[in-house]
Amino acid sequence: MQWEEEMCIVHGDNRSAGDKPPKTVVELWCRARSGHSVTLLVQGLRPYLVVAQKGRPQPADQAQSALEFLASMDEVVEITPLGDLWTDKGEKPHWKVEVTQPYTVPRLRKRIQDLWDVTSADILFVHRLLLDCDLGPHILACGEILWAGERAPAETQNETTGDRTTAAGRIAEAGGSGLYPTDMVLSCNLEDLSKAEPFRTPFVTFSFDLETSIQTNRILCAAAVIDRAGERSEHSFRGEEGDIMEGLTKLVRSEDPDFITGYNIDNFDLPRMLERMDVLSGRSKMDGAELYGWGRVPILESEANRLLPKRQQNRVWRIPGRIPLDAWWQVRQTLRPERESLRYVSKLLWPEEEDMHKLDIDASQMDREWAERPDEVVEYCVRDTILPLDILDRLQSVARKEALASVSLTTVESASLDTTSRWIDSLVIRLADRTNVAVPTTISGPRRRDQIAGGYVHEVESGRQPWIVVLDFKSMYPSIMISNNICSTTLVRDDSTDDSHSVSPTTETRYLSKDERIGLVPHLLEQLMSSRDQHKAALAAARESGDEAEAFLQDQLQYAVKILMNSFYGVFASSFYRFTHPDLGASITEWARHNIRKIISDLETEGYDVVYSDTDSIFVRAPVDADAPINKPEESSSEFESWDRARSETIRFGERLAERFTKEGAELEFETALSAFFSHGAKKRYVGRVIWPREEMLIRGYEVRRTDSFALLSRTMTEMFEMILDGEEWAAVEMTKSVIDDVKEGRANPAELIISRSCKGTLKRDGSVDFSKVYDNPDGLPYVRAAKERIRRGLQFTPGMKVGYIVTDSKASPMDVEPWLVDEIGEDPPVYDPTYYARRLAKSLGRITEAFGWSEKELLSGSRQQSIFDF
DNA sequence: CAGGTATCCTAC
DNA sequence: TAAGGTAGGATACCTG
């Protein structure tokens, strides 16, 4: 029975489907737009690599005997000429060498690379399918139904499609491995797949959590929640450890989720499952599959390798067919919270809902808690599986991954777990293949030592400046790449010159004109720029018509395009990427420095004051009445008119500068107007009172922005900035002195003194953490000592997480610190070292007050003057 | 106690 | 043996 519908590719893999003749099947695990899961078995694609004669271009017929030898090799099935392809040594004849199976490609590449230039030889087979058929994650697929389970659409279920035994046979015949745990299995050919418009897929997510014994590492209980497009069901497991693991595994296999989440699963739950599986199953791999066979493949001896979750080195976990997405990592990336415990994060996200973060179990005493009140432990465990789902919902993590997959034309798994260079690959290789450019392999080996120069940062003077306009270049690096046609394929590598070339300002790196050859990178960036404009227009139209769902989708897509565009520069300025050259990155930043410096010097020549500039931005003093008040007066007040006039003149000045300095391909935008700007004289650290296009305070670089500052410092500094920007520096100093006095007297709230820093480490197989591999002197670092103390006390620590601590004695060397455990186990706060905190406050705040003549020493001395604070 | 090194985090 | 970049500020520890 044939079936056709739209679906989204979650993940893909391939397997051999016979040797004589050699056949390979691509397995695509998908979620249909209508909700059920599908395994697509795609036939008809054969693995290949591409070769050319080494060195300078030579006539194709000189390759004849070498080609004959190549054709005689075991792995090689067929060789076909591709004609001339572009390479950095010129255009030359290439041949497509089809091979038996994907796994032979790297082997063959190594064997022949002394004889041939080998290209297109490090591309994952499933990506090959998306590239060659020009598909993205959203597809329309048509195929023969080999299996239709209970959740498959009713009209697909009948006696034939629903019979397990015969289904397994049909699947094997189509090159699949057996009865996949998906709702449907379809067989199709390459031609049966086509690109579909993006839609929001109703993915299924599985969230789980383990509670384990601190003494023995044994799993005491577990919980899981399934989210099926918003519909949730809760499950809990207790009893024998093996039964718990089997229960979880059965649930994964029957509910068949696309995403697997939880809090800290990457470094805790997933490795712990593997460790306990080893303990319980001994040597039999198939016992292991019953305990932990979460891979989306049948439970068969032949699938032993794909059934279990895996992680190479210290990288992300991979589960064939599914996507492990740690809620902790998503929180870290999108929220950047000061602390990262689940309790802290849930309070941050849902401050109103008390029972969501009720603290009732002491995780550091899990064995005792489990012995005394197992029901509460299970309840606690269930709650900790619901929160990660709520977090992913709130952060829109899944929708973002899907949008990124859609704009980079890759699988959702690749968008979720792969790195920037893979997403770029997906677009670049596709275009290279279509425009006859050979695709070199990624460069391996040691990193380049000499760095390229980066952006220009202007010196900033200490003090306050009134009425400033901030302008910046729109998408500076992408614009430079587009307007100068910067690409590996347009770089002039010999010393030829031509008037049509685009020539970089100082090193005189040359690029071909667009008329001669349009570079891959400029071509793609231009496409992305216009597609972002289209998504933005569609977003506006959807909002207009009240179509919330469409507006959401278009907003996700335009944002994903932005992210993708901004990552081009980094990848092409890197030392390893396949289409890279050191001159590329260097000339992009060279143009950038040149452009911004030119504007600065033009403005200065005309007598304007450039206060600051960083890479693509410029801060200029507006020529307005210097006596106008900088803090906004009441509208009824007599000074209001003066302020308001300064404001409109500043805005007009900003608009005028933007217009004047905007050129074709380099758009300077008027970003904000400030009534006051302050810096203590350090680059990348400044504050501004924004008065246009909205009213707010802008802070960059200062401790206020840093997650490793402490709350009291951030709060005091923010208040200080408010006062300084209002012109009340004396009050700021007095306020600061009173804060420091309180700290010295021991009156500060210790919760405001927590310092939190990320701490690395390597996870050992038995679950313990090794710090000495990543740190020269681990015990010399306060946060490592705090992490060690956490571990000693039976609390979770996973490599990379932030550790909160209080300094208790700074006179000791190294200083004494204690971890902050109040959130997690309700422990009394440590007693802080008043001298240390007073000194840190005075130092950080003193740097700022120094601009007005008050030093750190004066803040610390406590010699407060009579002030408005003394009532 | 000055200066160098290791480390973190941020701006762009 | 996997991989977006550079510029810059700040802190703690260690050494001489």
Side-chain angles (χ1 to χ4, degrees), chain A residues 106 110 122 312-316 332 336 338 418-425 428 441-448 450-460 470 472-473 475-477 563-580 582 584-586 588-590 592-593 596 612-618 671 679-686 698-710 713 755-760 771 774-785 800 802-803 805 807 810 812-817 836 839-840 843-844 847:
Chain A
K110 282 195 194 81
D122 59 352
Q312 292 117 304
Q313 270 81 19
N314 259 337
R315 308 231 44 261
V316 288
R332 218 195 138 114
R336 296 195 320 116
E338 273 131 32
D418 281 348
T419 51
T420 324
S421 56
R422 295 266 183 212
W423 309 331
I424 305 270
D425 258 356
V428 172
T441 50
T442 289
I443 302 155
S444 59
R447 298 211 136 198
R448 177 177 69 210
D450 41 336
Q451 278 195 343
I452 58 170
Y456 168 71
V457 190
H458 199 61
E459 287 293 342
V460 56
V470 185
D472 57 26
F473 281 105
S475 306
M476 189 191 221
Y477 288 173
I563 300 283
L564 196 58
M565 260 175 44
N566 287 336
S567 46
F568 267 69
Y569 159 73
V571 171
F572 284 88
S574 77
S575 52
F576 56 83
Y577 189 60
R578 53 179 92 244
F579 282 109
T580 206
L584 262 52
I588 294 165
T589 59
E590 199 177 298
R593 290 191 300 275
I596 205 88
Y612 184 55
S613 163
D614 185 348
T615 310
D616 61 353
S617 69
I618 184 159
E671 184 73 18
S679 170
H680 72 279
K683 290 172 174 179
K684 298 192 186 277
R685 296 197 161 208
Y686 62 87
L698 175 75
I699 305 178
R700 290 289 178 263
Y702 280 111
E703 282 81 345
V704 176
R705 300 270 300 181
R706 295 182 62 103
T707 56
D708 58 352
S709 171
F710 51 101
L713 173 56
I755 299 168
S756 184
R757 299 195 112 186
S758 308
C759 182
K760 293 191 264 207
F771 295 98
V774 279
Y775 293 120
D776 284 350
N777 177 21
D779 292 316
L781 300 168
Y783 45 92
V784 173
R785 288 198 305 278
K802 280 191 185 299
V803 181
Y805 62 92
V807 175
S810 62
S813 181
M815 60 168 62
D816 281 341
V817 301
Y836 170 80
R839 209 184 55 226
R840 274 223 37 197
K843 199 169 182 187
S844 299
R847 268 197 291 269

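The chains referred to below are lettered A, B, ... by the order of the sequence lines, with proteins before strands, and numbering in each begins at 1.
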N or O in side chain of A:R315 less than 4.0 angstrom from C:dA3 OP1/OP2: yes
Touch class at under 4.0 angstrom, heavy-atom based, for A:G454 against every strand present: sugar-phosphate
Options B:dC8, C:dC13, C:dA10, nucleotide nearest the side-chain atoms of A:Y783: B:dC8
Phosphate contact (C:dT1 OP1 or OP2) by A:Q312 side-chain N/O below 4.0 Å: no
A:Y577 and A:F572 aromatic ring geometry - parallel, tilted or perpendicular at 30°/60° bounds: perpendicular
Nearest listed nucleotide, side chain of A:S444, among C:dA3, B:dC12, C:dT11: C:dA3
Phosphate contact (C:dT6 OP1 or OP2) by A:T615 side-chain N/O below 4.0 Å: no
Atom CZ of A:R847: over 12 foreign heavy atoms under 6.0 Å: yes
Proximity to the side chain of A:K684 - top-ranked nucleotide from C:dC14, B:dC9, B:dA11: B:dA11
Out of C:dG4, C:dC14, B:dT7, whichever nucleotide has its closest atom nearest the side chain of A:N777: C:dC14
Residue A:D776, side-chain heavy atoms: nucleotide from B:dC12, B:dT10, B:dA6 that is nearest: B:dA6
Any A:R336 side-chain nitrogen or oxygen under 4.0 Å from OP1 or OP2 of B:dT10: yes
Under 3.5 Å donor-acceptor, A:R785 side chain and A:M815 backbone: yes
Touch class at under 4.0 angstrom, heavy-atom based, for A:I443 against every strand present: base
Any A:R705 side-chain nitrogen or oxygen under 4.0 Å from OP1 or OP2 of B:dA11: yes
Check against salt bridge (Lys or Arg N to Asp or Glu O under 4.0 Å), A:D122 and A:R578: CA-CA 10 Å; A:D122 59 352; A:R578 53 179 92 244; 2.8 Å; yes
Whole-Å distance separating the NZ atom of A:K683 from the P atom of C:dG9: 6 Å
Among B:dC8, C:dG4, B:dA11, the nucleotide that comes nearest once only the side chain of A:S758 is considered: B:dC8
Under 3.5 Å donor-acceptor, A:T589 side chain and A:A453 backbone: yes
Residue-phosphate contact under 4.0 Å: A:R847 side-chain N/O, C:dA10 OP1/OP2: yes
Complementary nucleotide for C:dG4 - Watson-Crick or wobble, under 3.5 Å: none
Rounded interatomic separation in angstrom, taking CG from A:D779 and C1' from C:dA12: 14 Å
Sugar-phosphate, base or nothing in reach of A:Y836, heavy atoms under 4.0 Å: sugar-phosphate
Candidates A:R685, A:H680, A:K684 - the one meeting side-chain hydrogen bond (donor to acceptor under 3.5 Å, both in side chains) with A:Y702: A:H680
Options B:dA11, C:dG5, C:dA3, nucleotide nearest the side-chain atoms of A:A573: C:dG5
Sugar-phosphate, base or nothing in reach of A:V784, heavy atoms under 4.0 Å: nothing
A:R785 side chain near C:dC13 phosphate (N/O to OP1/OP2, under 4.0 Å): yes
Whole-Å gap separating C1' (C:dC14) and CE (A:M815): 14 Å
Length of the line joining A:N566:CG and C:dT6:P, which is rounded to integer Å: 17 Å
Whole-Å gap separating P (C:dA10) and CD (A:E703): 7 Å
A:Y775 side chain near C:dC13 phosphate (N/O to OP1/OP2, under 4.0 Å): no
5'-most by nearest nucleotide on DNA chain C - A:Y477 or A:Y702: A:Y477
Value in whole Å for how far the P atom of B:dA11 lies from CZ of A:R685: 9 Å
Sugar-phosphate, base or nothing in reach of A:S575, heavy atoms under 4.0 Å: nothing
Spacing between A:K802 atom NZ and B:dT7 atom P, to the nearest angstrom: 16 Å
Mutual orientation of the aromatic rings belonging to A:Y477 and A:Y569 [parallel < 30°, tilted 30-60°, perpendicular > 60°]: tilted
Of the listed nucleotides C:dG4, C:dC13, C:dG8, the one nearest the side chain of A:P782: C:dC13
Atom-pair distance (CD1 on A:I424; C1' on C:dG4), nearest Å: 8 Å
Sugar-phosphate, base or nothing in reach of A:G455, heavy atoms under 4.0 Å: sugar-phosphate
C:dG4 to B:dC12 separation - P atoms, rounded to the nearest Å: 23 Å
Among C:dG9, C:dA12, C:dA3, the one nearest A:R840 by side-chain distance: C:dA12
Options C:dA3, C:dG5, B:dC12, nucleotide nearest the side-chain atoms of A:S574: C:dG5
A:Y456 side-chain N/O to A:A592 backbone N/O, donor-acceptor pair under 3.5 Å: no
C:dT6 phosphate, OP1 or OP2, under 4.0 Å from A:T589 side-chain N/O: no
Side-chain N or O of A:H458 closer than 4.0 Å to phosphate OP1/OP2 of B:dC12: no
Side-chain N,O (A:R700) to OP1/OP2 (B:dC12) below 4.0 Å: yes
